[in-house]
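Read through the structure below, which is laid out as structure tokens, and then see the notes.
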Amino acid sequence: MCGIVAYVGSREAAPLIVKGLKRLEYRGYDSSGIAVITDQALKVFKKKGKVKDLEVVLANQNNLGNIGIGHTRWATHGEPNDVNAHPHMSNSGRLAIIHNGIIENYASLKQMLLNKGYEFKSQTDTEVLVNFIEEIQKTKNCELPDAVRLALKDVVGAYAIVVLDKENPGQLVAARKGSPLVIGVGHEEYFFASDATPIIEYTKEVVYLDDLEIAIVNQDGLTIKNLQNEEQDPEIQTVELELEAIEKGGFDHFMLKEIFEQPKSIADCLRGRVNPDEAIIQLGGLRSHIGKLAKAKRIVFVACGTSWHAGLVGEYLFEELARINVEVEYASEFRYRNPIIKEGDFVIAISQSGETADTLAALEMAKSKGAVILGVCNVVGSSISRITEAGVYTHAGPEIGVASTKAFTAQVTVLTMMAIATAHAKGTLSDETYRQLLIEMAAIPEKVEKILEKSEEIKDISKLFTFASNFIFLGRGLNFPVALEGALKLKEISYIHAEGYPAAEMKHGPIALIDEDMPVVFIAIKDSSYEKVVSNIQEVKARKGRVIAIVSEGDRDVKSMVDFAIEVPKTHEVLQPLLTVIPLQLLSYYIAVLRGRNVDQPRNLAKSVTVE
Ligand code: G6P
């Protein structure tokens, strides 16, 4: 939530920062702004709306110097408007700050500053922080890095900040706790950003700042200190991310590109891990943990949003294949519930970004209670991947559309591999089923490709449902989480109210909603609950509901009873979610586009939720 970018070097800062903000817009897009130092003056430009609205404000500005900070916002304190947009300046006009996170004790700090005569223009916690830093700088008569460090000692909350000081036009001071911050190390130039995407065009050398560390960049280069003022050795890493991976590549939207990338992203996820010819499955990151997982009494998945749905699929997989007791928890509930965790329990976080505040906090809590903590993350070097004992990367590549698609299928792919590997180690899978599963897994990318070939057909169906006000998604077993995911996708990007339910639960409530205006999406593939789902379809048809069914290739029976049927190739039952979710992603996408929605940046949402 909120994206930050900063630059100091010999390039023109403003265009570079604005370009970086566009790459980070997935993190928030209700207002944006930059601050620069030019001709010894600190200048701030900010605007409600998207980064392109800020560009209009900057259109008539000439070179604004070689140092600056920028921010794209997802509002927490104070409505989205020009005043609440970042950067925020201190009362004297000497300092400017950008901030991603929440200062929880801002109210008491603000009161203290008000008592001393400070004035506030915005309703933000960030303006309090920059004035608190200024107050310390004045009263202690210290340099900015010390003032930031001392201020942060008294701050409760989460932050990634970068501060600019008019009196020091070659210096940037940054710090983090709980919110991500990457430092790009170029040749006599430095970059700061919430993730590496604004940086990789200029340098692949990065340092991931750790929690409670301060980074100072000036004529002496980069210095990192902790809050006790002890210098830390920066660990420079090389990011393996190519520019084309973060561009639209001819697609109308990132979401569509990411849906169509799934044959490749699933193949990337399987590569080097599943080898059906030699009947091998290996997960490098879990090499020394699979044996322990096989002995686990309990696994708890913690996640939010789409990743939580992947966790539900994981629950079915681990129970079915490895016969392990699994619970799936919303990270935000789990962390505040004083859950019972016994030594040896495995708590596994699932997170695309690896930065979701609740998931991170749930893991930390589980670790403190003695659980073994593992991670399934997409973003390499993310906070979750760094605090976990071990884990598996999903290798889906950067996901920029706010609604998750390829990250979900990659998460399910990883969880399936984990469940198969654990079951194999535990001996709960016959050799034959094990081999069969590996062969079927390797064939998934090709089958996803076949479903994507039906995109025009799905688009035509979407046209008939563009103006629906409600939708119900129903599925059973492994396809119940897929129904939830289908409903979530639709509401996220089209703003149509949609509910996902286990098909049999329909009788306990949702059936009352069914009439000739209610579209009902069934996942009705030929699996062990096929007959039961068919009965549920009959119940909906008897009440005149309009049914779209996701069916197995060649299934004429369901086709004859529903309004529209979308076929998916057959595969092993436990792998079905990887296929059945694809038409639902396309259905939501086309409906949202036809309704004129901004599918990549739906209102009120953000991709990386770094506040609780
Ligand atoms: C936000 C995003 C979702 C995502 C969820 C969890 O709500 O919009 O797409 O599923 O956060 O994010 P994570 O990065 O932890 O998977």
Side-chain angles (χ1 to χ4, degrees), residues 308-323 325-328 412 415-416 419 433 436-437 440 447 451 461 470-490 498-516 518-585 587:
W308 184 79
H309 295 157
L312 286 180
V313 177
E315 175 180 30
Y316 281 89
L317 291 167
F318 271 89
E319 282 185 2
E320 175 68 25
L321 302 177
R323 309 300 301 140
N325 179 13
V326 178
E327 281 158 40
V328 188
V412 173
L415 293 169
T416 311
T433 313
Q436 196 54 38
L437 279 171
E440 287 293 344
K447 293 182 180 180
I451 302 171
I461 298 172
N470 295 287
F471 254 88
I472 297 177
F473 289 74
L474 301 172
R476 292 177 88 122
L478 274 152
N479 280 310
F480 159 54
V482 175
L484 291 177
E485 178 58 10
L488 178 63
K489 282 294 82 88
L490 187 70
E499 300 209 32
Y501 257 88
E505 273 294 303
M506 175 185 73
K507 293 190 285 298
H508 302 286
I511 200 163
L513 303 171
I514 290 170
D515 59 17
E516 60 276 12
M518 176 63 87
V520 185
V521 179
F522 272 96
I523 301 146
I525 46 140
K526 289 215 166 163
D527 61 8
S528 46
S529 44
Y530 175 72
E531 275 83 19
K532 304 214 181 307
V533 175
V534 169
S535 307
N536 297 140
I537 293 178
Q538 303 279 20
E539 288 154 14
V540 170
K541 282 315 296 173
R543 285 156 186 87
K544 299 196 167 43
R546 297 162 78 200
V547 174
I548 304 169
I550 311 302
V551 300
S552 300
E553 227 162 38
D555 181 352
R556 300 202 192 295
D557 297 341
V558 172
K559 254 189 174 171
S560 66
M561 54 182 96
V562 302
D563 301 74
F564 300 96
I566 304 166
E567 292 187 9
V568 295
K570 290 181 186 141
T571 184
H572 191 288
E573 181 163 344
V574 301
L575 305 180
Q576 279 294 344
L578 290 167
L579 303 182
T580 51
V581 74
I582 310 286
L584 305 189
Q585 296 170 343
L587 191 69

Reported [atom1]-to-[atom2] distance for the pair [X] and [Y], which is rounded to 0.5 angstrom:
X: T416; Y: L317; atom1: OG1; atom2: CG; result: 4.5 Å
X: L578; Y: H572; atom1: CG; atom2: NE2; result: 13.0 Å
X: D527; Y: T571; atom1: CG; atom2: OG1; result: 12.0 Å
X: L415; Y: E315; atom1: CG; atom2: CD; result: 11.5 Å
X: T580; Y: N479; atom1: OG1; atom2: CG; result: 4.0 Å
X: L587; Y: I566; atom1: CG; atom2: CD1; result: 6.0 Å

Residue pair [X] / [Y]: nearest heavy atoms and the distance that separates them:
X: A419; Y: A322; answer: O-CB, 4.3 Å
X: Y316; Y: L312; answer: CD1-O, 3.1 Å
X: I525; Y: Y530; answer: O-CD1, 3.3 Å
X: V328; Y: G311; answer: CG2-O, 3.5 Å
X: P481; Y: H309; answer: CB-O, 3.7 Å
X: G475; Y: A483; answer: N-CB, 3.7 Å

Report summary line: Between V547 and the options M561, K541, M518, the side chain to side chain contact (heavy atoms under 4.5 Å, CB included) test singles out K541
Query raised in the report: Are I582 and V568 close enough, and set up right, to give a side chain to side chain contact (heavy atoms under 4.5 Å, CB included), and what steps lead you there?
Result: CA-CA 9 Å; I582 310 286; V568 295; over 6 Å; no
Side-chain touch [X]/[Y], heavy atoms, less than 4.5 angstrom:
X: E499; Y: P510; value: no
X: W308; Y: L488; value: no
X: F473; Y: L584; value: yes
X: V558; Y: V533; value: no
X: L474; Y: N536; value: no
X: L478; Y: Q576; value: no
X: K489; Y: V581; value: no

Report task. Could you tell me whether K544 atom NZ has more than 12 heavy atoms of other residues or ligands within 6.0 Å of it? Result -> no
Report summary line: Sorted by chain and residue number, the side chain to side chain contact (heavy atoms under 4.5 Å, CB included) partners of Q436 (sequence neighbours excluded) come out as E440
Query raised in the report: Hey, is E539 close enough to R543 for a salt bridge, meaning N to O under 4.0 Å?
Result: no
For the side chain of [X] and the backbone of [Y], is there at least one donor-acceptor N/O pair under 3.5 Å apart?
X: S552; Y: K526; result: yes
X: Y501; Y: I472; result: no
X: D563; Y: I548; result: no

**Report entry** Full working for side chain to side chain contact (heavy atoms under 4.5 Å, CB included) between V574 and L437
**Finding:** CA-CA 9 Å; V574 301; L437 279 171; 3.5 Å; yes
